[in-house]
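So the structure is just underneath, and the comments pick up after that.
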Amino acid sequence: MTYNIGVAGCGVAGLAAAILLREAGHDIVVYDKMEAPEPVGSGLVLQETGLAVLSYIGLSEAIYTYGNKINRLYGKSRGRAVLDVSYTALHPGAHGLAIHRASLFQVLFDAAQKLDVKFEFGKALHSVNEGEMYFAAGQKSPHFDLVIDACGVRSPLTETKDTVLPFGALWGTLDWTEKYNALDENTLEQRYVSAKKMAGILPIGKMPGSKAQKATFFWSLKHDDYGKWQKAGLTTWKDEVAKLWPESAPFLSQIKDSNQLVMAKYAHHTLKRVYTNNVVHIGDSWHAASPQLGQGANMALLDSLALALAIAKTRDIETALSLFQKTRSYHVRLYQILAHVFTPIYQSDSTVLPYLRDVFVPPIAQVWPFPKLMALMVAGKMGRPFKRLDL
Ligand SMILES: Cc1cc2nc3c(=O)[nH]c(=O)nc-3n(C[C@H](O)[C@H](O)[C@H](O)COP(=O)(O)OP(=O)(O)OC[C@H]3O[C@@H](n4cnc5c(N)ncnc54)[C@H](O)[C@@H]3O)c2cc1C
């Protein structure tokens, strides 16, 4: 049985779902509000979960030509390591792959185009009724057997309470300079002051059209303080970061204009009902979390694969969507809880949580079973997401 499927959202979830479902023979149209295919954002880490989905799609080689292997996550507060996770605690050779969103987008978009997925840009979804999508400019789509909502955290189809977190972060893409650079090219490194301040550098490999190695720089900031940050001026801020983290100097020197850093807001929400009337929510539109655990894109990829497998295994869409929700719910709920617990330890006004972190993490972080548990959590593999997919 093949279906006509409309996908709203040309991000990680929408593109991966479009590829997997097109490969299974369905007719797919992807709509996006962007006027032209143009990924926004900065770097992220593909974990073993997301990498396995990309390998299933046949995109491993392409993704590794861009990304950069990450072996370790390392963060210091008051001179002591309060985050030290090595992927190799899982198995030899285990790693994450840091990549710019533009590179991930390019790989997925090229694959979808090769499969003859149809795209319509400049179409901002407003609502869906009886299989027809209605767009903000008044147009409507043809009828679809299934509509996939992959519109991300601010999907117009999800009525979620305002769950924007007080802390977001400034993000920028810089060159991974070799000059005076004392940082390790396979480590995501961070520095903290309590949970109020955090700087991070993630080496993300290459971007489309460039051979240069890049890095993502981020600085935790409340969005209410963004105006104050702009007013204080770049020099004041750069001095503060350089004092906290002298090794970041070769990166700070590349920031010459505050517009090089974009303020990103973070939000948490989890929908109770993942589908209604042949409309299903995947990726951030179903479950959004702060990127503290670095799972969002990986969860979006897992959702896409779970949905495609559920459709392949069942005889009608209602049964497929019920199976999809059953397959993914446990893992999604588990990681939403973990994100709720871990976010304030690294980003909040709390003084108690970061104090406990600074006192207790250094002595126990290297004691069995913590190294393995932490690596399992970071790799997205707690809750056995693949066993649940029954591959
Ligand atoms: C700063 C930051 C850092 C992050 N770091 C990590 C990380 O290290 N690891 C990780 O796994 N995840 C990370 N994430 C999370 C990750 O980026 C998201 O979870 C992931 O992109 C979700 O994919 P998605 O397809 O659901 O949504 P998106 O990738 O946001 O895509 C949504 C798409 O829908 C389109 N759209 C929106 N509204 C409409 C509409 N009304 N009509 C039509 N189209 C619409 C948008 O234009 C967009 O193309 C990070 C997020 C942020 C903000």
Side-chain angles (χ1 to χ4, degrees), residues 6-18 29-51 53 67 70 73 96-102 104-105 108-109 119-128 133-137 139 141 147-158 164-165 167-173 188 200 202 204 216-221 261-269 281-304 332 335-336 339 347 378-380:
V7 180
C10 184
V12 183
L15 280 170
V29 187
V30 178
Y31 299 89
D32 201 289
K33 66 178 182 179
M34 299 183 284
E35 290 301 324
E38 172 192 56
V40 288
S42 198
L44 55 82
V45 182
L46 289 168
Q47 308 292 355
E48 283 199 356
T49 46
L51 289 169
V53 176
I70 295 296
L73 316 181
L97 192 77
I99 192 161
H100 197 280
R101 267 176 76 111
L104 178 58
F105 175 88
L108 290 169
F109 188 60
F119 288 92
E120 292 205 23
F121 290 99
K123 294 270 170 73
L125 183 71
H126 172 269
S127 55
V128 180
M133 297 189 198
Y134 290 80
F135 301 103
Q139 315 102 315
S141 74
V147 170
I148 299 175
D149 168 22
C151 284
V153 62
R154 273 170 270 285
S155 166
L157 302 187
T158 55
V164 174
L165 301 173
F167 278 85
L170 293 163
W171 288 75
T173 306
L188 161 60
L202 173 68
I204 55 168
T216 286
F217 185 98
F218 49 95
W219 174 253
S220 177
L221 190 70
L261 300 174
V262 174
M263 182 75 213
K265 285 185 180 177
Y266 302 158
H268 276 189
H269 76 240
H281 310 280
I282 64 171
D284 275 8
S285 77
W286 171 9
H287 44 76
S290 89
Q292 217 57 242
L293 291 183
Q295 300 300 321
N298 299 282
M299 294 293 236
L301 289 164
L302 283 169
D303 288 354
S304 307
V332 165
Y335 271 86
Q336 292 301 93
Q347 279 194 306
V378 166

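Everything numeric in this text was worked out from a predicted model, so none of it was measured. Note that ligands are numbered from 1 as they come in the structure, with each ligand's atoms numbered from 1 the same way. We're numbering straight along the sequence, starting at 1. Scope of the values below: all heavy atoms of this structure, side chains included, with no hydrogens, waters or symmetry mates.
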For [atom], what's the nearest protein heavy atom and its distance?
atom: atom 7 (C) of ligand 1; result: L44 CB, 3.2 Å
atom: atom 49 (O) of ligand 1; result: D32 OD2, 2.7 Å
atom: atom 15 (C) of ligand 1; result: G296 CA, 4.0 Å
atom: atom 18 (C) of ligand 1; result: D284 OD2, 3.4 Å

May I ask whether [X] places a heavy atom under 4.0 Å from ligand 1?
X: M299; result: no
X: R101; result: yes
X: A8; result: no

Original post:
Using 30° and 60° as the class limits, which term best fits the ring planes of Y31 and F135: parallel, tilted or perpendicular?
Top reply: tilted
Just which atoms of ligand 1 are under 4.0 Å from any heavy atom in [X]?
X: C10; value: 33 (C), 49 (O)
X: P156; value: 41 (N)
X: N298; value: 10 (C), 11 (O)
X: M34; value: 47 (O), 49 (O)
X: K123; value: 42 (N), 43 (C)
X: V45; value: 7 (C), 8 (O), 9 (N), 11 (O)
X: G11; value: 25 (O), 29 (O), 31 (O), 33 (C), 49 (O)
X: V12; value: 21 (O), 23 (O), 25 (O), 29 (O)

Subject >> Between NE2 on residue H281 and NE2 on residue H287, distance to nearest 0.5 Å >> reply: 11.5 Å
**OP:** Any chance you could measure L97, atom CG, to E48, atom CD, to the nearest 0.5 Å?
**Re:** 11.5 Å
Original post:
If hydrogens are left out, which of W171, Y31, W286 has an atom nearest to atom 1 (C) of ligand 1, that is, the closest non-hydrogen atom?
Top reply: W171
**OP:** Between A150, P37, G14, flag the one that comes closest to atom 33 (C) of ligand 1 by a heavy atom.
**Re:** A150
Subject >> For A264, all residues meeting side chain to side chain contact (heavy atoms under 4.5 Å, CB included), sequence neighbours excluded >> reply: W171, Y266
For the 3.5 Å polar cut-off, considering only N or O atoms, please tell me whether [X] and ligand 1 meet it.
X: K33; value: yes
X: P291; value: no
X: S285; value: no
X: A264; value: no
X: A13; value: yes
X: A124; value: no

Using residues 290-302 as the side-chain source, report each donor-acceptor pair under 3.5 Å to any protein atom, sequence neighbours left out, with the distance given to one decimal.
{"residue": "S290", "atom": "OG", "partner": "Q292", "partner atom": "N", "Å": "3.3"}
{"residue": "S290", "atom": "OG", "partner": "T343", "partner atom": "OG1", "Å": "2.8"}
{"residue": "Q292", "atom": "NE2", "partner": "Q347", "partner atom": "OE1", "Å": "3.0"}
{"residue": "Q295", "atom": "NE2", "partner": "L293", "partner atom": "O", "Å": "2.8"}
{"residue": "Q295", "atom": "NE2", "partner": "V378", "partner atom": "O", "Å": "2.7"}
{"residue": "N298", "atom": "OD1", "partner": "Q47", "partner atom": "N", "Å": "2.7"}
{"residue": "N298", "atom": "OD1", "partner": "G50", "partner atom": "N", "Å": "3.3"}
{"residue": "N298", "atom": "ND2", "partner": "V45", "partner atom": "O", "Å": "3.1"}
{"residue": "N298", "atom": "ND2", "partner": "G294", "partner atom": "O", "Å": "3.3"}

Original post:
Sub-3.5 Å donor-acceptor pair from the side chain of S304 to the main-chain atoms of A16, do we have one?
Top reply: no
